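In what follows, a structure is listed as C-alpha cells, so that the remarks can point back to it.
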Amino acid sequence: MGKAWASLCCLLLFMTLLTGCWDRRELEERTSVIALGIDLVEGRQNLYKLTVQIPIPIKIAGSSGQGGGGNKDAVKIMSVTGKTVTDAVNNLQQRLNQRIFLGHTRVLAISEDVARRGMDDIIDSFRRDPQIRRLMWPVVVQGRAADLLEMKPGLIQIPVVFLMDLIENGTKMGTIPDQTMGEYLIQTSNETLQPMLNYVQAYKDDVKWKGVAVFRDQKMVGSLNDIHTWALLQLRDEKRGGDVIVPLPGKGGGYISFRPHFVRTKLEMKGSHATGQDNHSGHGVAYLCEIQGDIIEMTKNVEGSPEEVIVMLQKLIKKEMEKRARKMLDILQKQYNSDILKLGLAMRGHHYADYWRKHDWFKDFKQFPIEVKYTIKLRRLGMEMH
Amino acid sequence: MSQLGKDPQHNTFSLWQMTSLITSTLIGVGVLTLPRTTTEKMFEAGWMAPILGSVLTFFAIWLIAVLSRRFPGLTFIQYSRIVWGGHEQSRLGFWLSLPWIMMFLIALFVTTAITSRIFGEVVVTAVLMDTPLEVIIVSMFVLAVILCLHEIDTLARVNEILFPLILFPILFIALASFQKAEWNNILPLIRVPWETIITGAFETNFSFQGYEIMLIFFAFAHENTGKVKAGFYGIGISVFVYTLIVLAGIVVFGHEELQRVTWPTLELVKSTQVPGLILERLESAFLAVWVAAVFTTVANGYYAVIYGLRQLLKKGMLFQRIASIVLIFPLFFVAIGPQNIVELFKMTSLIGYTTVWISVVSPLIHWLIMLYRDRGRKREKGSDAHG
C-alpha cells in the first residue's frame, strides 16, 4: 500500500514538471522589434509616422549555411502612422500576425523634425512601458528617421545592429557619448541638466555619427559637430575623444596627429560661499584638463632638438584644443543656451546656498564665466624616434 | 544544546538564525520603492534617512529583547497577560492584554497581505504581464501555508538558508550600479530644514516594519544567545543594505528622476550592465531571486500571526495547520482590497504609522508597566544576556 502511495506521489510530483509559465510566449510567437523610427507625416502636423525594423529569424539563422548572399531580406521594415506612439504601435499590431514585443528594441531613431518640435509627446510611452530597456540608444537622425532603418550596410545582416555596434564601440573608445535612454530620461527630469542625444546621418548603405544633438527643454536647438563633441567629452566625462590633427606652423605646411590616451579633468570653482550680491558675485568655473597622449603622425619633420620640438608641439596642441573647447562653450552658451556640460549639477552641489538659490540657471548659464585650460603631456612618439 | 525544555523545539534559535530571521523579514518589497520614498522629502540627503530612521528601530528591538529576556521562553502573547494582570489575576490580565495582542496580530496580518500585493504588482507590471494578479498572490500564500504546517524550528532554518539569497542580489545590484555613479547628485549634503529631515527619517522607519515578529520569535532563542545582539545585528545589516541601495539610487538617478519612477530599484537593475553581458534584461533574473526575499517577509509574518492565534487560544499544532489554511481567505481579500497602485502606496504608509504603535509604543507601555509592577524574572546580577 505504501509503495502505491509513494509511486502516486512521484507521479504527481512529475506533473509539476509539465506546467509552464502562465504567459509563456515562445520566441517565434512574437514579433521582436529591433529598432523604432519616428517621423512626422508630411502635411499632417498631428500625426507621427512610426517605422519599425523586424529581424526575420529564419533568414538570419540560414544565411551562415548558405554563405551570405540575399541578406538584404534579413529584416522587414514597416511603416504606420498614428496620433501617438502607442496609437501607431496598435495600428502596426493590426498588420502583424504575432504580438509585438518591444523588449529587444535597441535603437530609437528620431527624426530631426520631431526632435525640434519637442520630445515630450513621444517619450512618455517609453518611460511607462516596462519592456523598454533603459540601455537602448535613442539617436536623432538628420533628415528622415526611416532612412536610418532602411539603410543596407551589407557588413551585417541586421542594419540597426551596425549602428548599435558603431555607437557601442565608440563609447568604449571614448569618442562617442554614452547617451542611453536612461541618461536621457534622467537629464529631462533633473532641473540642473539639459539633455543631448547622439546625432547621426543615414546614407543609402551606411551611417555616419555626426556629433550630438543639443536639447533645451526637450526641444532640439541645434547640434555639435564631432570635434566639439570630443571637447565636451573631455571636459564632462573625462573621455579621451578623437585624434587631434593640427597643421604645423610655418610655410612648409604638413600636419601632426595627436592621440589622447588619458584625460583628467578638474572643475575648479571660484566664488566665495559667503557673498551673495547680484551678478555672479565672483562665481565662475575653470576646467583644468590634463591630457596624456602620443604623436601618431607627423607629415613633415620639425627641425630643432627633440626637447624643443616636444615643447613646441605641446604648445601647438594645447592651443588648438583650447580653441576647440572655447568654441564649443561659446556655441552652447551663446547660441543654444543649453547646459549639457553637467555644470549646473556641480554648481547646485557645491554652491547651493550662495549661488543656486539666488540665480535661475536656466537663464544665467548664458553668461556664466567658464574658462578652459588644457595641459598636454606628450608621452610617446610612436615607433619612430623623431 | 544541553538545555532541553519541556517542548523539544523550544530554545533552539541560534544567534545567526535570529539575525537572519530579522533581516530577511525586514528586507522585502520595501527595498523596491525605498529610494523614491526616502528622497521624496529629503532630496539629496535621502541616504541618511535609513541611518537616522534606524535609531527608533534599534530602540524598539532593544525594548522587545529586554521584555523577552524578562520572560524567558514566553512569547508576547503569553507574557502580555502576566504584565497586565500578574500571575494572580490572570483573567483580568487576559482581557487587558487582548487589545494589544489583537492590534499586533491584525496589523501583522494586514502588513503581510499588503506585502504580497505589492510583490504581485511588481511582477505583473515588470515581467509577467498577462498573469492575473490573484494567481501570483495566491501562490505566494500557498508557500506561506506550507511553511505554517511545520514547527517553528523549520521556519528558522528556512530563513537561515534563504538569507544569502536575499542579501547577495541586492548587494550586487547596489555595488554594480556604482559604476554609473554621478557623485554630484548627493550634493548639497543638506538643503532641507532639520524638521524635514526628522520627519523623513521617521517615515523611513516604516520601511523597517516586520521586526515586531520578534515579539514572538525571541521566545525561542537558545539560552546562551544574546537577543539584543541578534536584534542589533539583524537591524544593522538591514540598515546597511537600505543605505547602500538608496545611495546607489541617488547617485545613479538623482532625486528628481527617482520621484518619477514607480520601482526605482527595479529601474536600477534595468540600467545596470553586467560586465561580460551574460545576462541581458537582468530584471527578470533579479525578480526571480527576489521571490525569496518576499517569501520570507510574507511567510514570517503569516507564521507569527498563526502562531500568535494558536497561543492566544491555547491550541496545538492541529489548530495551527487548520487556521493557516482557513485564514488564507481573509488574507487574500485584504490583499486584493486596494484598487490601484496609488491606493496601495497610501495604505502602505498608513500601515507604517500603526507599526510604530505595535513595535514601539506597545512594548514601551508593557516595559513601563512591567517595571512599575515589578513583574517577570529579573536578570541575575552579572549574567547579562548581552553575550
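It should be emphasised that the depicted structure is a prediction, and the values quoted were computed from it without experimental measurement. Within every chain, numbering begins at 1; the chains are lettered A, B, ... in the order of the sequence lines, protein sequences first and strands thereafter.
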When the side chains of residues 336-344 of chain B are checked against the rest of the protein, which donor-acceptor pairs come out under 3.5 Å, sequence neighbours left out?
| residue | atom | partner | partner atom | Å |
| --- | --- | --- | --- | --- |
| B:N340 | OD1 | B:V342 | N | 3.3 |
| B:N340 | OD1 | B:E343 | N | 3.0 |
| B:E343 | OE1 | B:Q339 | N | 2.9 |

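Of the atoms belonging to B:E267, heavy atoms from both backbone and side chain fall under 4.5 Å from chain A. Contact annotation for A:E191: both backbone and side-chain heavy atoms come within less than 4.5 Å of a heavy atom of chain B. Using a 4.5 Å cut-off between heavy atoms, A:R127 contacts chain B through its side chain alone, with no backbone atom that close. With a 4.5 angstrom heavy-atom cutoff, B:S271 touches chain A via backbone and side-chain atoms both.
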Mind running side-chain contact (heavy atoms from CB on, under 4.5 Å) on A:R357 and B:R191 for me, showing each step along the way?
-> CA-CA 10 Å; A:R357 273 207 312 219; B:R191 66 150 125 160; over 6 Å; no
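Contact count versus chain A (heavy atoms, under 4.5 Å) is highest, among B:L266, B:V261, B:N185, for B:N185. Here A:L135 is the residue among A:D178, A:T192, A:L135 with the most heavy-atom pairs under 4.5 Å with chain B.
Listed for the B:K270 side chain is a donor-acceptor partner under 3.5 Å among the backbone atoms of A:P130.
When the heavy atoms of residues 233-241 of chain A are compared with those of chain B, none of the residues falls under 4.5 Å. Within residues 31-39 of chain B, no residue has any heavy atom closer than 4.5 Å to a heavy atom of chain A.
Among residues two or more places apart in sequence or in another chain, the side chain to side chain donor-acceptor pair (under 3.5 Å) test is passed with A:S189 by B:E257.
Minimum interatomic distance between A:I186 and B:V252 (heavy atoms only, all atoms of both residues): CD1-O, 3.4 Å.
Looking at heavy atoms from C-beta onward, A:K342 lies out of side-chain contact with B:N184 at the 4.5 angstrom threshold.
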